[in-house]
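Some notes on the structure that comes next.
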Amino acid sequence: MINQNQFFLDSGFWGFFYKILTPVEWLQTWILKIVHDFFVLLGMNEVGVSWVLAVIALVLVVQACIFPLFYKQIKSMRKMQALAPKMQRIQNKYKGKTDQASKEAMSREMMKLYQDNDANPAGSCLPLLIQSPVFMSMFYTLSAIPYIASGVKKESLGAFDQATAQQFTQTDVFGIVSVTDNFNSADIAGKVVIGVFVALMCFCLWFTTYFSMKRNTPTASMNKQAESMQKMMLWLFPVMYIFSGVTMPFAVLVYWLTNNVCNLVRTFWQVMYFPTPGSPAAEDKEKRDYRHENERRAKAGLPSLEEEELQKAKEAAERRDAKGYQRFQPQRKRKRK
């Protein structure tokens with residue numbers, strides 16, 4: 001995309017790939033246009049912050065659409081975790097057996113286990129599989145708009161004809177950086193703003209991974225290999241963000257940063273209400289639920305959990321006293337003649 005007279009994302013393999021994603025790109029442009037027009041109706045200028053807010057609103061729309069899938073992902077993960085002991089028993093049953101019949105038998109038992117418990121091993125991957133093409137489409141859309149405005153890309157893209165694209169490209173943030181600028185094309189002040197956005201993106205990704213590792217990882221499942229892998233992911237992806245972020249238009253960085261903030265908030269929510277069993281967050285949730293239950297009982301005038309346990313212990317002791325401590329000898333079964 002360095003050559004202003006040719007839009008490289010329309011050529012070669014990527015041209016074919018982004019052509020497949022055209023319906024998603026078309027929908028994104030109309031969401032941007034409708035939200036922008038709504039802000040204009042509220043009194044904002046046609047050129048300016050209204051377009052930046054439209055990009056942020058697009059992220060929120062995407063997040064709202066994938067949240068039901070994310071919720072389903074959590075439920076699927078919990079089911080798979082609950083089935084882990086049974087899965088282990090099946091694997092141990094066929095351990096060391098390499099013949100085709102044994103492999104097929106193990107596969108059938110695994111599938112039956114999933115079906116009986118309504119579990120889907122691929123369910124946890126579904127939000128990522130959907131979100132990735134959406135982000136790639138957004139990258140294409142925001143990258144193509146300047147070329148539509150200049151006439152290099154002759155055909156319009158959804159709601160963006162040349163006039164609308166020119167209006168979008170005139171937008172800047174605080175008069176410092178244009179939404180179409182990247183790190184190389186921006187001036188010194190623009191480079192600083194873009195650098196701050198890239199740094200915030202990296203920090204959000206790093207902290208999301210770090211928080212999940214520390215709070216939502218079962219202590220029993222940690223070993224040196226898993227710990228090394230997590231540490232590599234903790235630092236590798238933020239570093240990759242640095243090299244990819246400086247090449248992207250500022251509008252894409254706005255989308256990306258907003259998306260990372262949403263993912264961070266969603267991770268907080270998941271760890272708070274759906275922690276992984278055996279993790280520090282799960283232990284805190286048990287204590288929190290215990291405290292809330294006692295508060296609910298106090299408001300309803302019911303005995304606390306401690307008082308209930310004490311009462312049960314007293315009743316069990318009274319039953320033992322009433323029956324005495326005589327030990328009943330087990331009776332042998334008579335052999336049939």
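The residues of the chain are indexed from 1 along the displayed sequence.
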Open item on the list: With a 4.0 Å cut-off on N to O distance, would you call Lys312 and Glu315 a salt bridge?
Closed with: no
- [ ] With rounding to the nearest 0.5 Å, note down the distance linking CG in Leu32 to CG in Asp37.
- [x] 10.5 Å
- [ ] Grab the two heavy atoms, one from Ala149 and one from Gln162, that are nearest each other, plus how far apart they are.
- [x] O-NE2, 3.1 Å
TODO: In sequence, state the C-alpha distance, the side-chain angles, and the governing distance for Arg266 and Ile66, and then conclude on side-chain contact (heavy atoms from CB on, under 4.5 Å).
DONE: CA-CA 11 Å; Arg266 194 174 61 188; Ile66 69 172; 3.5 Å; yes
Task: OH on Tyr71 to CD on Gln270, rounded to 0.5 Å - done: 12.0 Å
TODO: Check whether the side chains of Asn294 and Arg291 place a donor and an acceptor atom closer than 3.5 Å, and report yes or no.
DONE: no
- [ ] Check whether more than 12 heavy atoms from other residues, nucleotides or ligands sit under 6.0 Å from atom CZ of Phe268, and answer yes or no.
- [x] yes
Open item on the list: What's the separation between atom CG in Asp172 and atom OG1 in Thr180, rounded to the nearest 0.5 Å?
Closed with: 9.5 Å
Open item on the list: What verdict does the side-chain contact (heavy atoms from CB on, under 4.5 Å) test give for Met136 and Phe17, after you've listed the backbone C-alpha separation in whole Å, the side-chain angles of each residue and the deciding distance to 0.1 Å?
Closed with: CA-CA 10 Å; Met136 297 183 72; Phe17 180 78; 3.4 Å; yes
Open item on the list: Is the ring pair Phe139/Tyr18 parallel, tilted or perpendicular, if the boundaries are 30 and 60 degrees?
Closed with: tilted
Open item on the list: Can you give me the closest heavy-atom contact between Cys262 and Val59, atom names plus distance?
Closed with: SG-CG1, 4.3 Å
Task: Side chains of Thr208 and Asn260 in contact at under 4.5 Å (non-hydrogen atoms) - done: no
Task: Transitive ILVMFWY side-chain link Val40 to Ile145, under 4.5 Å - done: no
Task: Ring geometry between Trp269 and Tyr273 (parallel below 30°, tilted from 30 to 60°, perpendicular above 60°) - done: tilted
Open item on the list: Is any side-chain heavy atom of Gln28 closer than 4.5 Å to one of Leu142?
Closed with: no
- [ ] Output yes when a side-chain donor or acceptor of Ser212 lies under 3.5 Å from a complementary backbone atom of Thr209, and no otherwise.
- [x] no
Task: Donor-acceptor contact present, side-chain Thr29 to main-chain Ala159, <3.5 Å - done: yes
Open item on the list: For a quick test of reading the model, state the closest non-hydrogen atom pair linking Met44 to Leu53 and the distance between them.
Closed with: CE-CD1, 3.4 Å
Open item on the list: Looking at Ala281, is its backbone amide N or carbonyl O close enough to the side chain of Asn216 to form a donor-acceptor pair, meaning the two atoms are under 3.5 Å apart?
Closed with: no
- [ ] Identify the heavy atoms of Pro275 and Lys285 that sit nearest to each other, and give their distance.
- [x] CD-CD, 3.5 Å
Open item on the list: Within the supplied structure, the quantity of interest is the number of heavy atoms (other residues, nucleotides, ligands) at a distance under 6.0 Å from Ile20 CD1; does it exceed 12?
Closed with: yes
Open item on the list: If hydrophobic clusters are built by linking Ile, Leu, Val, Met, Phe, Trp and Tyr wherever their side-chain heavy atoms come under 4.5 Å apart, do Phe207 and Ile242 end up in the same one?
Closed with: no
TODO: Mind listing the closest non-hydrogen atom pair of Ser156 and Asp161 along with its distance?
DONE: CB-CA, 3.7 Å
- [ ] Output, in order, the C-alpha distance, side-chain angles, deciding distance and verdict of salt bridge (Lys or Arg N to Asp or Glu O under 4.0 Å) for Glu293 and Arg296.
- [x] CA-CA 5 Å; Glu293 177 62 17; Arg296 184 193 68 80; 2.7 Å; yes
Task: Ser244 side chain vs Met240 backbone, donor-acceptor pair below 3.5 Å - done: yes
- [ ] For Cys202 and Tyr241, work out which heavy atoms get closest and say how close.
- [x] SG-CB, 3.5 Å
Task: Interatomic spacing from CE in Met106 to CE in Met110 - rounded to 0.5 Å - done: 5.5 Å
TODO: With the side chain counted from C-beta on, respond yes when Gln63 and Asn263 share a heavy-atom pair under 4.5 Å apart, and no when they do not.
DONE: yes
- [ ] Look up atom CH2 in Trp26 and atom CD1 in Ile31, then write down how far apart they are to the nearest 0.5 Å.
- [x] 10.0 Å
- [ ] Treat each ILVMFWY residue as a node, draw an edge where side-chain heavy atoms are under 4.5 Å apart, and state whether Leu60 and Phe67 are in one component.
- [x] no
Open item on the list: Is it the case that over 12 heavy atoms from other parts of the model lie below 6.0 angstrom from the CZ atom of Phe211?
Closed with: yes
- [ ] Flag the pair Val246 / Asn184 as yes when at least one side-chain heavy-atom distance between them is below 4.5 Å, and no otherwise.
- [x] no
TODO: Starting from the C-alpha separation in whole Å, work towards a yes-or-no answer on side-chain contact (heavy atoms from CB on, under 4.5 Å) for Phe183 and Val198.
DONE: CA-CA 10 Å; Phe183 189 82; Val198 172; over 6 Å; no
Open item on the list: Looking at Arg297 and Glu307, is there a salt bridge between them, counting it only when a charged N and a carboxylate O are closer than 4.0 Å?
Closed with: no
TODO: Side-chain contact test, heavy atoms from C-beta onward, threshold under 4.5 Å: evaluate it for Phe38 versus Ile34 and give yes or no.
DONE: no
- [ ] Tell me whether Val196 is reachable from Leu257 by hopping between hydrophobic residues (I, L, V, M, F, W, Y) whose side-chain heavy atoms are closer than 4.5 Å.
- [x] yes
Task: Joint cluster assignment, Leu302 & Tyr290, ILVMFWY side-chain distance < 4.5 Å - done: no
Open item on the list: Any heavy-atom pair between the side chains of Phe197 and Trp256 that's under 4.5 Å?
Closed with: no
Open item on the list: I want to know whether Trp51 and Phe250 have ring centres closer than 6.0 Å.
Closed with: no
TODO: Verify, without hydrogens or angle tests, whether Gln167 (side chain) and Val47 (backbone) share a donor-acceptor contact under 3.5 angstrom.
DONE: no
- [ ] Indicate yes or no: at least one non-hydrogen side-chain atom of Leu58 is less than 4.5 angstrom from one of Val35.
- [x] no
Open item on the list: Leu253 vs Ile194, test: side-chain contact (heavy atoms from CB on, under 4.5 Å). Steps then yes/no.
Closed with: CA-CA 8 Å; Leu253 299 184; Ile194 290 174; 3.6 Å; yes
Task: Side chains of Asn182 and Met248 in contact at under 4.5 Å (non-hydrogen atoms) - done: no
Task: Spacing of NE2 belonging to His36 relative to CG belonging to Leu41, to within rounding of 0.5 Å - done: 10.0 Å
